[in-house]
Amino acid sequence: MFQKMSFDQISFYVNILALIAISGCWLIFAAALMYRRGTSSAGHRSHEPLSWIGLILQLISYPISWSVWRSPVFSPIIDEQWAVNALLQVLAIGLGAWSAWLAVSAIRELGKQWSLQARVLEDHKLITTGVYGLVRHPIYTAMLGMLIATGIVLSHPLALGVGLVVFLAGTKIRMHLEEKLLEEAFAEHFAAWRSAVPGLIPFTRRARRSSRWIF
């Protein structure tokens with residue numbers, strides 16, 4: 001005989017659905033990062049080896065965030081707040097899907113210029129179209145979105161918080177070094193783009209140039 005599910009049971013199953021959806025988003029995200037539309041034959045005009053430090057921090061933020069799961073698994077982020085938990089899981093699905101789309105769009109826009117290394121090629125073009133008109137570093141925005149979405153599904157809030165701090169530190173290093181190269185290469189064109197488009201968080205007013213540690 002069918003019995004009506006309680007709200008905590010509904011929330012539990014929504015959490016499972018969110019995990020399945022986020023796993024699918026990760027597959028799309030990973031495929032986008034591995035995709036290459038050929039490689040440019042142009043040599044490096046300039047590059048920043050120290051950018052690897054930022055990338056390492058970004059990458060280790062994920063195991064930090066996911067090292068401590070909520071207990072029991074799929075329990076609410078806030079104790080007994082099953083309604084809040086269900087809403088957050090729905091938001092996590094949307095954030096994961098948007099982040100995967102953002103990564104795919106950004107890498108497609110970059111084309112042969114896509115690289116893990118912070119560099120400027122001899123024939124480099126400053127990409128400001130597509131999602132690069134929404135945010136200057138859409139791949140990092142997508143990485144941040146996937147980190148948060150997965151953390152909402154599984155992580156203890158404290159572990160997620162520590163992971164976010166590590167990720168943002170690494171991202172700040174990467175952004176600073178990459179934009180230093182672009183500023184040297186494209187001068188006024190880059191300055192105009194930076195003044196009009198936020199760095200990491202879409203739809204936010206760009207911080208003044210004097211506030212260099214603000215995203």
Side-chain angles (χ1 to χ4, degrees), residues 25-65 95-150 163-164 166-202 206 212-213 215:
C25 292
W26 268 113
L27 290 175
I28 297 171
F29 186 86
L33 292 180
M34 291 186 292
Y35 172 77
R36 286 181 179 274
R37 192 193 303 170
T39 55
S40 175
S41 58
H44 290 183
R45 185 194 309 180
S46 56
H47 66 286
E48 277 286 356
L50 291 178
S51 66
W52 290 107
I53 297 174
L55 179 60
I56 291 170
L57 287 173
Q58 287 176 317
L59 293 179
I60 66 174
S61 70
Y62 292 97
I64 290 173
S65 299
L95 179 59
W98 181 78
S99 298
W101 168 82
L102 191 65
V104 170
S105 300
I107 292 172
R108 181 181 299 167
E109 201 72 26
L110 285 176
K112 295 181 180 181
Q113 292 184 176
W114 156 236
S115 173
L116 290 175
Q117 183 180 14
R119 63 178 186 175
V120 171
L121 301 173
E122 293 291 347
D123 60 352
H124 207 98
K125 296 179 180 178
L126 182 63
I127 306 299
T128 61
T129 55
V131 292
Y132 286 87
L134 177 67
V135 66
R136 299 197 306 274
H137 299 272
I139 295 176
Y140 299 157
T141 304
M143 292 172 67
L144 175 61
M146 292 301 299
L147 177 67
I148 295 173
T150 310
L164 282 171
V166 175
F167 178 85
L168 291 174
T171 299
K172 186 60 187 178
I173 292 172
R174 293 279 295 189
M175 288 174 60
H176 172 71
L177 295 175
E178 289 177 4
E179 296 198 346
K180 178 183 175 183
L181 292 175
L182 294 174
E183 186 173 26
E184 292 173 352
F186 300 102
E188 294 181 3
H189 190 190
F190 171 76
W193 178 51
R194 183 171 59 183
S195 68
V197 178
L200 185 68
I201 310 299
R206 190 191 69 82
R212 299 189 65 87
W213 287 94
F215 293 98

Pairwise distance [atom1]([X]) to [atom2]([Y]) - rounded to 0.5 angstrom:
X    : Y    : atom1 : atom2 : answer
M34  : I107 : CE    : CD1   : 10.0 Å
S65  : I60  : OG    : CD1   : 10.0 Å
L110 : S105 : CG    : OG    : 11.0 Å
L177 : L55  : CG    : CG    : 12.0 Å
S51  : I173 : OG    : CD1   : 10.0 Å
H189 : K125 : NE2   : NZ    : 12.0 Å

Under 4.5 Å between any side-chain heavy atoms of I28 and W101, yes or no?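 No; the side chains remain at least 4.5 Å from each other.
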When you measure from the side chain of E109 to the backbone of V131, do you find a donor-acceptor pair of N or O atoms at a distance under 3.5 Å? no
Under 3.5 Å, side chain of W193 to main-chain N/O of Y132, donor-acceptor pair present?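 At least one qualifying donor-acceptor pair exists.
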What heavy-atom pair brings [X] and [Y] nearest, and what distance separates the two atoms?
X    : Y    : answer
V197 : G133 : CG2-O, 3.9 Å
A169 : L57  : C-CD1, 4.4 Å
G96  : A149 : N-CB, 4.0 Å
F29  : S99  : CD1-O, 4.3 Å
C25  : A100 : O-CB, 3.8 Å

Please report, to 0.1 Å, the donor-acceptor pairs under 3.5 Å made by any side chain of residues 137-147, with sequence neighbours excluded.
{"unit_1": "H137", "atom_1": "ND1", "unit_2": "E178", "atom_2": "OE1", "d": "3.4"}
{"unit_1": "H137", "atom_1": "NE2", "unit_2": "E179", "atom_2": "OE2", "d": "2.8"}
{"unit_1": "Y140", "atom_1": "OH", "unit_2": "R174", "atom_2": "NE", "d": "2.8"}
{"unit_1": "Y140", "atom_1": "OH", "unit_2": "R174", "atom_2": "NH2", "d": "3.2"}
{"unit_1": "Y140", "atom_1": "OH", "unit_2": "E178", "atom_2": "OE2", "d": "2.3"}
{"unit_1": "T141", "atom_1": "OG1", "unit_2": "H137", "atom_2": "O", "d": "3.1"}
{"unit_1": "T141", "atom_1": "OG1", "unit_2": "L200", "atom_2": "O", "d": "2.5"}

The criterion is side chain to side chain donor-acceptor pair (under 3.5 Å); which residues satisfy it with W98, sequence neighbours excluded?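 Testing W98 for side chain to side chain donor-acceptor pair (under 3.5 Å), a comparison that skips the adjacent residues, returns none.
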Restricting to ring-ring contact (aromatic ring centres under 6.0 Å, His included), what partner residues turn up for Y62, sequence neighbours left out? W26, W66
